[in-house]
Protein chains: 4
Amino acid sequence: MSGQHHTQTFDNIPAEKRVRILRAAAFVLGRDGIGGARMGDVAREAGVSHGSIFSYFPTKDDMVRAVVERGMALQAERFAPADSGSRFDEAVLAVFRGAWELASAEPELISLWLSLSLAENARFADAILPLEKDAADRWLALAERGKREGSVAAAADTRAVAYLLDALAAQLMKSRASALERRKLEHFIGAGLGGEAAALIADTILGLLRSRD
Amino acid sequence: MSGQHHTQTFDNIPAEKRVRILRAAAFVLGRDGIGGARMGDVAREAGVSHGSIFSYFPTKDDMVRAVVERGMALQAERFAPADSGSRFDEAVLAVFRGAWELASAEPELISLWLSLSLAENARFADAILPLEKDAADRWLALAERGKREGSVAAAADTRAVAYLLDALAAQLMKSRASALERRKLEHFIGAGLGGEAAALIADTILGLLRSRD
Amino acid sequence: MSGQHHTQTFDNIPAEKRVRILRAAAFVLGRDGIGGARMGDVAREAGVSHGSIFSYFPTKDDMVRAVVERGMALQAERFAPADSGSRFDEAVLAVFRGAWELASAEPELISLWLSLSLAENARFADAILPLEKDAADRWLALAERGKREGSVAAAADTRAVAYLLDALAAQLMKSRASALERRKLEHFIGAGLGGEAAALIADTILGLLRSRD
Amino acid sequence: MSGQHHTQTFDNIPAEKRVRILRAAAFVLGRDGIGGARMGDVAREAGVSHGSIFSYFPTKDDMVRAVVERGMALQAERFAPADSGSRFDEAVLAVFRGAWELASAEPELISLWLSLSLAENARFADAILPLEKDAADRWLALAERGKREGSVAAAADTRAVAYLLDALAAQLMKSRASALERRKLEHFIGAGLGGEAAALIADTILGLLRSRD
DNA sequence: TATGAATGAGATTTCATTCAT
DNA sequence: AATGAATGAAATCTCATTCAT
């Protein structure tokens, strides 16, 4: 399943170097795609030798998995505000903003994450599925909280609401990370909104969700 | 920009063969990704010789563009129900169902379309952008109609509503076309819903959109 | 098992080219060893492009197998004199001479054949075993004929005699094909014997085999 | 030529460790071939660090030479019975048995020794030739003794007889050490003979050698 | 002296594209 | 117009050897 994808050597090197390498890998993988990324580029980007990369990860696929596993930690950070005691509306807004900021800071990571849904990368399903299920569970929990707090209309299907929030957050990140999707967002919303796109979308969906009787 | 991506020769062959080749190309491109697709596989899948492919499309990228352009026609079909005189609710439901059915019939085409948002395929932005803008305009028009008909709460931002509907439709197709996303959908909604997932999502969003004052 | 190791393409090219490639492959494989041989060297030696070699043989191992299969035909030639109606003594002498000449003409093929017995090349056992068994059967048949003709002492174990003849023929080829073994032969027999080494060894073993009662 | 192939450091370590390393090297070299053997495997097999190997032997080739030199001692043991005062027949039988037992105990060493005759390993000729000449001299001496004792037909060429005995002993070891050759031996002699194969071959050749006039 | 991380040259293999037939 | 053999640039991965600790 998810096991160990890096070598003992990778565990032995300084933590700072480990992070540098994983970030470099995510950057190149996201920029060029999994198939298109060249291990030599990762090495150069990380400032290590060509051969060293293979002493850390037996194969390119193993490197991809190691990068994906690091994504788990980032996702936990993204949802952290929702875990604190804040109200539903605040939590959703915070997660949407967090998604937008993550996509701003590491667009290549989002691009990599998007590519993992593609048929061509189906062999990584086992690596990414736990992350997806984790996100789904967080959204489901949030939707239930919204119901209890009265911030989500009683008539709405909880699961569908969770799916809807997940889809929107994903689309927001995509709109930030992909040049094409950014132009599409601008075509919808108008250019120059910057970080406020996330807030506008959040406000709109929160308004719709709110029960008005 | 969008000009001519195939050769004169391609225009000269029977229409049936042209379609067969474009479908084969979409199939292989979607299954293996643009980078991973092999021209030889397209040839074999289409039942033509390896060399012939290059007498139809000067390069692999040209073939991709030709396939994308064919997508324009499919998109028009998908939105056809919305163009007819039906009410907002019926139109949205029909488009969601159409999206689901397209993704069921040609999952590889959806996979290809999804891959075009990735950074690695940014060079095809000019080919896909008209298609995206067209879709956006159709959603914007629909959202406005919803407002006029009173099926969309007056307080909701029209552009945000359109963006939201587009995101949901895209996510639905993704959930159908990608094995990974299908498992994610099942984690949200429960397995075994089949085609009713589209209806459940549509009902929920339509319910939320409806003004109740 | 022995199946097909070359591609359809290899079957399609002219026979003359096919032989040229197989000879070039045997030459390089024998000279540098299976592990040490470089596909590029085979290509250069055969006068074809680097890529072409891989359009004939999917992998290096497949190429090795194709070369080994060609060895079957050469072995049949080597034993041809024994199949004709000649007497036992003449047949053995002819086969020994034939072995010596084959090793003189294609020493690299012998070197390749020797390397196939090594543990490192155990994965080719299925390819070489039929050839070995064929040789064994021919020696067994010859030994039996010797017994019937009275050229082999009645007291001698037929199977052991066959094994002995096979071992000697193999050692003769090795002595001819390997520089090291040639020096060893010279240390035994004295230098400058040239092709007469085969005759001396054959005469000696034939003399020993002959019953003298 | 044969000089010193290991470092001063190698002389300084405990004798037990020295033997352990040389045995590990022989094992890996025989199993994977000289080209295919990895220095890291030798290190792991010997239970020392990767870097240490290079503090004992400047290069891989030096390590091979050191291993070959150790083979000299083993060979002396193998011929020890022939040096004692036993009769010719007993001596030959003992050497054949010794060869069989050595090949049973250290098949990888035999595999390594066999590989040294290959063209690809010609650069080690200077290391192995003394060993080969030593063996040749022992067989020549034995053959002469056989003549004097009347155990070898007077008409037989002494040098050819020595060559023949050497070839048979080598073939026997090969039949024991190589899985492929073992199957070939079984095809000749029948399976299940175990250690008696050496005795059968020895009896047969001794019977043939014996003069009967 | 011992360790094991680092290096980089080099090997197999792939595949878009060309071109003779 | 159609075919499929030929080409060679480029990418992943290996491993002997070095060297800082």
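Residue numbering restarts at 1 for every chain, and letters A, B, ... go by the order of the sequence lines. Predicted model, so just to flag it, every value in this text is computed and none were measured.
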Notebook entry, point to check: Counting any heavy atom closer than 4.0 Å, what does D:Tyr56 reach on the DNA or RNA strands: base, sugar-phosphate only, or nothing?
Noted result: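 Result for D:Tyr56 = sugar-phosphate.
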Note to self: Can you identify which nucleotide, out of E:dT7, E:dT3, E:dT12, has its nearest atom closest to the A:Ser52 side chain?
What the structure shows: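 The nucleotide sitting nearest to the side chain is E:dT7.
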Check: Counting side-chain heavy atoms from C-beta on, which of E:dT1, E:dA16, E:dA2 comes nearest to D:Lys17?
Finding: E:dA2
Note to self: For E:dT1 and D:Ser55 - does any side-chain N or O of the residue sit under 4.0 Å from the phosphate oxygens OP1/OP2?
What the structure shows: no
Listed pairs under 3.5 Å, donor-acceptor, residues 44-52 of chain D side chains, sequence neighbours left out:
{"unit_1": "D:Arg44", "atom_1": "NH2", "unit_2": "D:Asp41", "atom_2": "OD1", "d": "2.7"}
{"unit_1": "D:Ser49", "atom_1": "OG", "unit_2": "D:Ser52", "atom_2": "N", "d": "3.2"}
{"unit_1": "D:Ser49", "atom_1": "OG", "unit_2": "D:Ser52", "atom_2": "OG", "d": "3.0"}

Checklist line | 5' precedence on DNA chain E between A:Ile13 and B:His50 (nearest-nucleotide basis) | finding: A:Ile13
Notebook entry, point to check: Between A:Ala37 and B:Ile53, who's closer to the 5' end of DNA chain F by nearest nucleotide?
Noted result: B:Ile53
Notebook entry, point to check: Given that D:Gly51 and B:Ser49 both sit by DNA chain F, which one's nearest nucleotide is further toward the 5' end?
Noted result: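 Looking at DNA chain F, the more 5' nearest nucleotide goes with B:Ser49.
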Below 4.0 angstrom, N of the basic side chain to O of the carboxylate: do [X] and [Y] qualify?
X        : Y       : answer
B:Arg38  : B:Asp32 : no
A:Glu69  : A:Arg65 : no
C:Glu106 : C:Arg70 : yes

What is the distance, to the nearest angstrom, from the [atom1] atom on [X] to the [atom2] atom on [N]?
X       : N      : atom1 : atom2 : answer
C:Met63 : E:dA11 : CE    : C1'   : 13 Å
B:Asp41 : E:dT14 : CG    : P     : 13 Å
A:Lys60 : E:dT14 : NZ    : C1'   : 13 Å
A:Phe10 : E:dG4  : CZ    : C1'   : 17 Å

Check: Which two nucleotides bound the region of DNA chain F that has atoms under 4.0 Å from heavy atoms of chain D, read 5' to 3'?
Finding: F:dC15 to F:dT18
Check: Looking only at atom types and distance, does a side-chain atom of D:Lys17 sit under 3.5 Å from a main-chain N or O of D:Phe10, one as donor and one as acceptor?
Finding: no
Note to self: Using only atom types and a distance under 3.5 Å, with no angle test, would you say the side chain of C:Thr9 pairs donor to acceptor with the backbone of C:Tyr56?
What the structure shows: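 Judged by distance alone, no pair lies under 3.5 Å.
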Notebook entry, point to check: Watson-Crick or G-U wobble partner for E:dA6, using a 3.5 Å limit on both distances?
Noted result: F:dT17
Note to self: For the CD1 atom of D:Ile34 and the NZ atom of D:Lys60, what is their distance to the nearest 0.5 Å?
What the structure shows: 8.0 Å
